Amino acid sequence: MWERTLQDLIRGLRANKNDEAKFIAQAMDEVRKEIKSKDMELKAGAVMKLTYLDMLGYDMNWASFHVIEVMSSSKIHLKSVGYLAAGQSFNEDTDVLMLTTNLIKKDLTANPADVAITLNGLSHVVTPDLARDLSQEVIAMLNHSRPHIRKRAILTLYKLCDKYPGALPQGVIRLQERLDDSDPGVVSAAVNVFCELARRNPLDYLSLAPHLFHLLTTSSNNWMLIKLVKLFGSLAPHEPRLVKKLLPPITELISTTSAISVLYECVHTCIIGNMLQGASGLSLARTCVSKLAAFLQDADQNLKYIALLALVKIVPTHPDLVAEHQDVILASVDDDDISIRMRALDLVTALVNRNNLQPVVQQLLSHLVQSHTSAPSAVQSLSQHVVPVIPSKAPSAPSQSAAYRLVLSQSIISMCSNSTYDNVTDFEWYLSVLVDLTYISNVDVGAQIRDQLIDVVGRVRAARAYAVKLMVKLLSDQTLLMHASEPGTCSEVLWAAAWICGEYCSELLAPEELLPYLLHPEVANLDPDTIAVYLQAANKIYGYWATEAAQQWSEDLLEKVKAAVDSIMEQIEEFVSSPHIEVQERAANILQLFTFIKRDLATHRPKSDSVFADTSSTSLTVFDASPIGSPSFPKSLYLIHPLCSAYELNPVASVAQTSVPIPDGLDLDAWIVPSMQVPLPDEDEGAGEVASEKKVKKSKKGKEKESAGRSKSKGTKKRKEDEGIEELIAQEEVETPEEMAEREQRKAERLERIRDDPYYITDDHPPKPPGEDIDSIPIVRLDELLPSSSKAPVEPRLFALKSNSARSTPQRFVVEKEGEMPEGATPIPPQFHSAPITRQQTPSLFERISTPPPVLPSFQQYEVPEDEPRSSTPEPIKVTRAKKKGTSNKKKRMPKTVQPE
């Protein structure tokens with residue numbers, strides 16, 4: 001009967017590519033019949049076909065027992081088939097492996113051919129149990145008379161020691177003897193095993209150093225030299241004396257060998273073995289770097305790759321030596337092989353310093369520029385405001401992928417921001433680099449660029465003016481705004497641009513010209529966080545521009561301000577209906593502010609310019625309450641700016657948040673506003689009952705109310721507050737001390753209960769000092785307060801907007817690296833420290849409004865006493881109850897002032 005052989009099976013597979021599964025199913029049926037045959041030749045042929053199919057991914061574990069049958073054959077060619085199939089398909093979970101222990105022991109004592117096949121098969125199928133049971137037999141093979149058996153036994157012993165460490169002590173002793181073997185192959189195998197063992201625990205093999213050193217200096221076998229050098233690379237870090245001993249032979253090998261593999265292993269061993277340290281290692285380091293630099297110019301891509309890997313490890317100890325070959329390294333960044341470009345990029349990142357940062361970054365930016373890209377380059381977009389840093393040539397490599405461009409962009413940012421900008425000497429240049437990346441990266445690095453812009457502007461004060469110029473160009477670029485939603489456009493940079501222009505609006509040359517860009521209809525297509533920052537920036541910029549207009553006020557500006565306010569309100573209204581709650585809330589708040597400003601501008605009437613002419617008076621205590629005392633400009637021009645400029649934002653230390661102490665008595669787990677599901681004890685009911693009883697007593701005056709029933713009903717908090725106010729008004733003209741004490745107690749309890757309620761405005765000012773007569777404080781209209789004309793006019797102070805082109809000498813940039821820390825934390829150097837703002841130090845709304853605006857360029861500043869409210873601030877809303885008749889000799893009450901939110 002004719003049977004299909006392995007060659008027939010392979011031919012059939014190639015002939016049935018369209019229906020391979022059907023053919024293999026038929027072949028499997030044939031194999032199942034053949035493998036059960038008593039003919040060992042036929043069984044071995046079936047096992048060979050199964051082994052081939054196993055390599056194609058088909059399972060043959062079901063035939064494990066038949067494989068062992070073939071392994072037990074007395075014929076060498078059949079036994080080799082069985083051990084081959086076992087090495088291919090057996091694993092530690094194969095159940096029939098326990099049946100092979102005695103079979104392998106028997107084969108290890110057979111003729112040399114059987115021993116060789118058995119050792120090779122055992123190295124593939126060894127398990128912990130087999131290693132334990134067969135270790136003595138394999139160790140005995142180390143003394144076999146045949147060299148090829150000793151070599152196979154050495155390599156198999158390593159596999160056994162890996163599975164069963166208990167065989168290692170005796171095995172190492174016998175392995176050490178093989179280092180003196182007469183056969184070079186056996187010695188090389190022993191060195192190879194020691195090299196692998198020393199990688200795991202080098203200290204156990206330091207005693208072999210003399211013997212291994214002798215082999216290093218006498219051997220001419222390159223492959224054994226490679227293993228010896230690797231072995232010494234593992235041992236040298238644990239024995240300093242070994243480094244000095246190895247320097248001469250290693251240096252000689254590097255200088256004389258023509259084998260690239262030996263040369264690289266020697267260089268790598270010098271790096272990991274700490275042989276390049278100190279004066280003695282300097283010459284060796286120079287030799288290593290020169291050899292690796294030669295690899296970079298070789299046509300073999302593998303040599304370039306390993307050279308870059310080695311140079312990255314040399315840079316931390318000898319950056320100057322590597323920097324000598326900077327041009328060759330930078331040329332590798334433009335290599336066609338992506339793996340070489342990535343390794344070159346790692347090396348360039350580790351190589352930069354203060355002296356070479358700018359040319360290196362310029363070279364890397366040139367690789368990002370694509371000649372066929374539709375996006376404008378940074379030079380074109382920033383025209384006169386940006387110093388060009390990108391060559392006009394340099395098309396990128398055709399294989400440049402998005403992943404590589406992302407890594408390249410991140411590397412540029414990383415090497416510039418390393419150690420808080422230690423390598424950056426010109427921050428205006430770095431800002432222009434970040435803007436360039438915005439246009440040419442075409443990958444998603446917008447968040448990193450945004451964070452860098454914010455961090456640099458916050459830490460480097462001298463760079464803020466230039467940063468504002470760049471951000472104005474970004475905000476006015478309609479192309480960037482319209483394509484902000486597309487991937488790779490770095491739209492997050494617009495967030496930083498709006499924030500910087502709003503926070504440092506005093507650096508703007510024409511603030512009013514930026515407002516239309518911040519409120520452009522296309523802004524609504526940005527993400528909600530960016531829209532909110534745009535709105536806030538527009539609010540801040542208008543506030544600054546309005547105060548500037550107030551200080552140079554002329555009646556011709558009134559129409560310009562009105563037109564600006566109308567335009568802002570019209571554009572803000574589109575954001576009030578935004579689906580995003582943050583945008584909606586900010587827009588609504590800003591719209592209400594501008595509604596108030598618009599009404600104030602509409603009621604403004606020109607005033608005489610001679611109001612502030614008289615400066616002869618020396619008293620600040622007398623104020624003219626006549627209408628002529630009002631300023632010539634609308635008071636609402638100072639409404640917004642003081643709200644946004646009370647404090648300057650400074651960089652914050654990285655550990656500042658964790659250093660903030662929790663105030664005593666603050667429970668972070670407690671409700672700020674009590675949950676609606678947890679009813680509070682209605683303590684005002686008793687107060688309402690007392691008040692209603694007193695109102696009933698006044699029925700003879702015709703003022704009897706239904707307050708008793710109303711105080712007992714379950715009304716809202718607002719109604720109860722109204723009842724509390726009515727209670728204060730409806731008190732009897734003469735109170736007994738007990739009634740007064742009870743009323744004060746109820747008032748204190750009510751104030752404590754609503755202190756954290758956001759729907760109530762409470763006064764957190766400290767209590768009045770004892771003995772102060774509040775009835776003697778007059779009620780004065782704030783808009784009638786006139787600055788005293790006694791003092792001489794203030795000298796105008798100027799600030800010059802720094803011009804980059806006007807600098808004759810390089811500017812010195814100071815980086816505030818530390819940042820602020822909370823009070824009581826680790827002290828910070830005085831030049832970097834500013835007092836933290838605590839809750840107790842935070843001024844009230846009226847104190848912030850009364851803070852004079854910042855001094856603006858070339859305009860006279862009105863002088864207002866610091867202890868009095870500013871005449872241009874909005875009036876607080878007063879709710880004053882009418883005085884009752886017949887109470888002129890009674891105790892006067894202070895009107896309740898409700899501060900606006």
Side-chain angles (χ1 to χ4, degrees), residues 87 108 112-113 115-124 126 131 135 137-163 167-202 204-236 242 245-246 248-250 252-254 256-270 272-273 306:
L108 288 176
V115 173
I117 294 174
T118 303
L119 288 174
N120 183 61
L122 177 61
S123 64
H124 289 89
V126 63
S135 58
E137 284 75 9
V138 174
I139 291 175
M141 291 293 104
L142 297 180
N143 293 327
H144 200 277
S145 59
R146 300 290 183 93
H148 72 94
I149 298 297
R150 297 198 299 269
K151 182 168 63 175
R152 290 173 186 264
I154 289 173
L155 299 178
T156 304
L157 180 61
Y158 171 73
K159 291 294 189 73
L160 267 65
C161 292
D162 184 35
K163 297 292 184 179
L168 192 58
Q170 185 179 359
V172 169
I173 297 175
R174 305 298 289 271
L175 279 173
Q176 188 174 354
E177 297 174 358
R178 293 303 98 202
L179 293 176
D180 295 326
D181 198 278
S182 58
D183 186 80
V186 176
V187 176
S188 180
V191 170
N192 193 10
V193 171
F194 277 122
C195 183
E196 296 299 321
L197 293 174
R199 290 173 57 187
R200 303 185 180 184
N201 193 358
D204 291 345
Y205 305 98
L206 281 175
S207 59
L208 299 176
H211 208 156
L212 296 173
F213 183 81
H214 174 72
L215 292 174
L216 178 66
T217 55
T218 58
S219 177
S220 60
N221 185 344
N222 284 340
W223 293 113
M224 190 164 69
L225 285 175
I226 291 174
K227 293 298 181 180
L228 287 169
V229 171
K230 281 187 175 182
L231 182 54
F232 279 116
S234 301
L235 300 179
L242 192 58
K245 188 72 173 176
L246 287 171
I250 293 292
E252 183 181 358
L253 276 175
I254 293 176
T256 60
T257 184
S258 59
I260 300 298
S261 55
V262 176
L263 176 60
Y264 176 76
E265 289 301 336
C266 290
V267 172
H268 187 260
T269 297
C270 292
I272 66 175
I306 62 175

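Bear in mind that the values here come from a model prediction, so they are computed numbers and not experimental data.
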*Asks:* Please report the closest heavy-atom contact between Ile226 and Ser261, naming both atoms and the distance.
*Replies:*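 The pair with the smallest heavy-atom distance is CD1-OG, 3.4 Å.
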
*Asks:* Who passes side chain to side chain contact (heavy atoms under 4.5 Å, CB included) against Thr269, sequence neighbours left out?
*Replies:*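 Expected list: Val229, Met275.
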
*Asks:* How far apart are the closest heavy atoms of Ile149 and Pro112, and which atoms are they?
*Replies:*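 Here Ile149 and Pro112 meet closest at CD1-O, 3.6 Å.
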
*Asks:* With heavy-atom distances below 4.5 Å as the criterion, would you say the side chains of Leu228 and Phe213 are in contact?
*Replies:*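 No - every pair of side-chain heavy atoms lies 4.5 Å or more apart.
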
*Asks:* So, using salt bridge (charged side-chain N to carboxylate O under 4.0 Å, His left out) as the criterion, who are the partners of Asp183 when residues are at least two apart?
*Replies:* none

*Asks:* Who passes side chain to side chain donor-acceptor pair (under 3.5 Å) against Asn221, sequence neighbours left out?
*Replies:* none

*Asks:* Keeping the roles fixed (side chain from Ser135, backbone from Ala167), state whether a donor-acceptor pair exists under 3.5 Å.
*Replies:*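 Not confirmed, Ser135 side chain does not pair with Ala167 backbone.
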
*Asks:* Please name the pair of heavy atoms, one in Cys195 and one in Leu231, separated by the smallest distance, quoted to 0.1 Å.
*Replies:*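 Reported closest heavy-atom pair: CA-CD1, 3.8 Å.
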
*Asks:* How would you list, by chain and number, every residue that makes a salt bridge (charged side-chain N to carboxylate O under 4.0 Å, His left out) with Lys245, sequence neighbours excluded?
*Replies:* none

*Asks:* For a quick test of reading the model, state the closest non-hydrogen atom pair linking Val115 to Leu108 and the distance between them.
*Replies:* CG2-O, 3.4 Å

*Asks:* For Ala153 and Leu119, which heavy atoms make the closest approach, and how far apart are they?
*Replies:*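 Answer, listing the atom of Ala153 first, then Leu119: N-CD1, 3.9 Å.
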
*Asks:* Hey, what do you get for NE2 (His268) to CD1 (Ile306), rounding to the nearest 0.5 Å?
*Replies:*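 So the NE2 of His268 and the CD1 of Ile306 are separated by 10.5 Å.
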
*Asks:* Once side chain to side chain donor-acceptor pair (under 3.5 Å) is applied, do any residues pair with Asn222, and if so which ones, sequence neighbours excluded?
*Replies:* none

*Asks:* If the condition is side chain to side chain donor-acceptor pair (under 3.5 Å), which residues does His148 pass it with, not counting sequence neighbours?
*Replies:*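 So His148 forms no side chain to side chain donor-acceptor pair (under 3.5 Å) with any residue.
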
*Asks:* Any side-chain heavy atom of Leu160 within less than 4.5 Å of one from Leu122?
*Replies:*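 Leu160 vs Leu122: side chains touch.
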
*Asks:* Please determine whether side-chain contact (heavy atoms from CB on, under 4.5 Å) holds for the pair Cys270 and Ile250, giving the CA-CA distance in whole Å, both sets of side-chain angles, and the decisive distance to 0.1 Å.
*Replies:* CA-CA 8 Å; Cys270 292; Ile250 293 292; 3.3 Å; yes

*Asks:* Side chains of Arg178 and Asn143: closer than 4.5 Å at any heavy-atom pair?
*Replies:* yes

*Asks:* Tell me every residue that passes side chain to side chain contact (heavy atoms under 4.5 Å, CB included) with Leu206, counting only those two or more places apart in sequence or in another chain.
*Replies:* Leu203, Leu235, His238, Glu239

*Asks:* Excluding sequence neighbours, so at least two apart, what forms side chain to side chain donor-acceptor pair (under 3.5 Å) with Gln170?
*Replies:*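 Listed in chain order: Gln136.
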
*Asks:* Considering residues at least two apart in sequence or located in another chain, which fulfil the side chain to side chain contact (heavy atoms under 4.5 Å, CB included) criterion with Glu196?
*Replies:* Tyr158, Asn192, Arg199, Lys227

*Asks:* Would you indicate whether the side-chain heavy atoms of Leu215 and Val187 approach each other to under 4.5 Å?
*Replies:* yes

*Asks:* Going by the salt bridge (Lys or Arg N to Asp or Glu O under 4.0 Å) test, which pairs reach into residues 140-161, not counting sequence neighbours?
*Replies:* Arg150-Asp181

*Asks:* Looking at every heavy atom in both Leu175 and Ala190, which two are closest together, and how far apart are they?
*Replies:* O-CB, 4.1 Å

*Asks:* Report yes if the side chains of Leu168 and Leu197 come closer than 4.5 Å at any heavy-atom pair, otherwise no.
*Replies:* yes

*Asks:* Name all pairs fulfilling the side chain to side chain donor-acceptor pair (under 3.5 Å) condition that reach into residues 205-219, sequence neighbours left out, sorted by first residue then second.
*Replies:*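 Listed by first then second residue: Asp180-His211.
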
*Asks:* Suppose we screen for salt bridge (charged side-chain N to carboxylate O under 4.0 Å, His left out). Which residues come up paired with Glu252, at least two apart in sequence or across chains?
*Replies:* none

